[in-house]
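When a ligand or atom number is given, it counts from 1 through the structure's own listing order. Values below: every heavy atom of this structure, side chains too, minus hydrogens, waters and symmetry copies. Residues: numbered from 1 along the sequence shown.
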Amino acid sequence: MMGERRVAQEALFYEFSLERHVPTEHWVRAIDRFVDLSDIRAHLRPFYSEIGRPSIDPELMIRMLLIGYCFGIRSERRLCEEVHLNLAYRWFCRLGLEGDVPDHSTFSKNRHGRFRDSDLLRELFETTVRRCIAEGLVGGEGFAVDASLIKADANKQCSAEASEPVDWDDLARTRRSVREYLDTLDEAAWGAASETRPKFVSRSDPAAQWTGALKGHAFFAYATNYLIDLDHAVIVDVEASRAIRQAEVGSARTMLDRTLERFGLWPARLAADSAYGSAENLAWLVHERGIEPHIPVFDKSQRSDGTFSRSDFAYDHARDLYTCPGGKELRQRQKVYRTERPLVDENGLMRYHASKFACDACSLKPQCCPITPARKILRSIHEGARDMARDIAQTDAYVVSRRERKKVEMLFAHLKRILRLDRLRLRGPNGARDEFHLAAAAQNLRKLAKLLPNGTQVRAA
Ligand code: SF4
């Protein structure tokens, strides 16, 4: 028998409990157990006036932003609609059934004002790291570092070629992203990272880097840098930078130092790909920070034309010389010049020469130096650190580190596919910084919720 047609009727009274309506196994409940914003209120208090109309509750805005980044809701306008309609989101935001959802423009005003002045989103991210440490998810023995490109909100149509003159001061009067670009020109992670001018500069977001690093069409991008603990892939630090290698390596150093300063964490080993394997970076890790580099050495000395590579020459530490396959010695410059010349060039390289007399008489010359009078070998002043990294690369521990390093890449894949952060919505270095901090905080919260599901004993934060 067909049931009667239902007619929507407004009831006079409802008996409805939001608390009972949200299932115990819902993700918002799992995440909510680890969201503690009591410190955030104290952190923000100095940035609010003691008089005047009460503002929108900052905790409500942070909770809404967390919903947006945890569940991949990228637009703030849509976030407001979702929180308005979704009961579980209302419960998470402590809104009740009748609570008003703030207007989407409130986020923009607060972001450019109090949130940035107080570095609130950094504080929020660090709160999640402290919670992970308190729950025992951070071992602190091994870290991995990597960077990933995220498309900027800029396109080629609104860009200028490097040689084209642009009046940035004029543009800065109306565009916040241009003001931020000019302010960060001397910073190591931004303008000062490289003197090479990119092919195009965006007029709407000039700090974004024009890059063809992904081998397809070039685009404007920022880099998000993650430093993770290898035990459970908890993100212990995050940094926004220009999408070039020098800036990414600089960010890795910044994050290692900051993690020690903020959380007292100092890894015994660092896993990374060959982008971090330059001689200077390996020397910094080994000699200045005492960290084992589980990193492939960035090495261009290997030859593919059939002639001897540098690895065919044996280095004698005690006598500071190389021995060639023909049994002859290669030493640093023997000549004495009237005006003294340095033995190390501006790139930190030393030169070891074979004698022309020996090479002329050598039967191996066609395989060694067919077009030069004598063979020459370059050696970095940081070769000791490079040798250490090469030795580590032969160990079983390195095989483990190389496998564990993939955890950072998985976090980036999760960031782009599940949290949908494959293109930035905000412009300028500060916009990128805000988005990366929120996304990393969301990833740590999801990690806590996944590893410590409802029913497990949660330690007091
Ligand atoms: S050519 Fe010179 S450097 Fe090369 S193997 Fe012969 S002697 Fe040694």
Side-chain angles (χ1 to χ4, degrees), residues 194-196 244-246 249 269-399 401-402:
S194 166
E195 287 179 5
T196 311
I244 52 172
R245 191 196 297 160
Q246 298 92 317
V249 171
R269 63 188 165 110
L270 179 73
D273 60 27
S274 57
Y276 298 84
S278 68
E280 299 79 40
N281 196 43
L282 293 174
W284 183 83
L285 285 169
V286 173
H287 301 308
E288 294 188 35
R289 296 296 183 270
I291 298 172
E292 275 185 19
H294 289 225
I295 301 173
V297 177
F298 190 75
D299 197 350
K300 288 185 179 165
S301 67
Q302 215 59 27
R303 293 187 174 184
S304 56
D305 59 357
T307 57
F308 295 138
S309 297
R310 195 178 58 190
S311 54
D312 296 316
F313 292 71
Y315 181 67
D316 184 337
H317 263 284
R319 297 166 66 206
D320 187 25
L321 57 84
Y322 279 93
T323 306
C324 70
K328 300 285 186 287
E329 292 175 354
L330 285 79
R331 296 172 180 272
Q332 289 204 64
R333 195 179 58 225
Q334 304 292 314
K335 278 187 199 166
V336 179
Y337 291 95
R338 207 173 296 156
T339 51
E340 195 150 330
R341 296 185 190 178
L343 287 173
V344 180
D345 70 12
E346 66 278 5
N347 297 316
L349 294 171
M350 299 173 289
R351 285 168 170 72
Y352 291 76
H353 302 267
S355 117
K356 183 177 176 304
F357 179 72
C359 291
D360 279 344
C362 180
S363 60
L364 295 171
K365 192 168 188 297
Q367 284 168 267
C368 188
C369 47
I371 54 172
T372 52
R375 183 66 191 256
K376 182 175 67 183
I377 294 285
L378 297 180
R379 181 179 172 84
S380 165
I381 50 168
H382 305 305
E383 205 62 35
R386 281 156 62 96
D387 286 344
M388 184 182 177
R390 285 189 194 105
D391 291 345
I392 290 171
Q394 306 302 319
T395 62
D396 292 341
Y398 178 80
V399 178
S401 295
R402 199 175 54 189

Residue pairs, two or more places apart or on separate chains, that pass salt bridge (Lys or Arg N to Asp or Glu O under 4.0 Å) and touch residues 272-297: D257-R289

Could you work out, with salt bridge (charged side-chain N to carboxylate O under 4.0 Å, His left out) as the rule, every residue matching R245, not counting sequence neighbours? none

Sequence neighbours excluded, every pair satisfying salt bridge (Lys or Arg N to Asp or Glu O under 4.0 Å) that has a member inside residues 348-375: D345-R351, K356-D360

Polar contact flag, side-chain donor to acceptor under 3.5 angstrom, R386-S380: no

Describe, in one word, how the ring planes of Y315 and Y322 are oriented to each other, choosing from parallel (under 30°), tilted (30 to 60°) and perpendicular (over 60°). tilted

Near D396 CG, under 6.0 Å, is it more than 12 heavy atoms from other residues, nucleotides or ligands? no

Provide the protein N, O or S atoms situated under 2.8 Å from atom 2 (Fe) of ligand 1; waters are not included. C359 SG

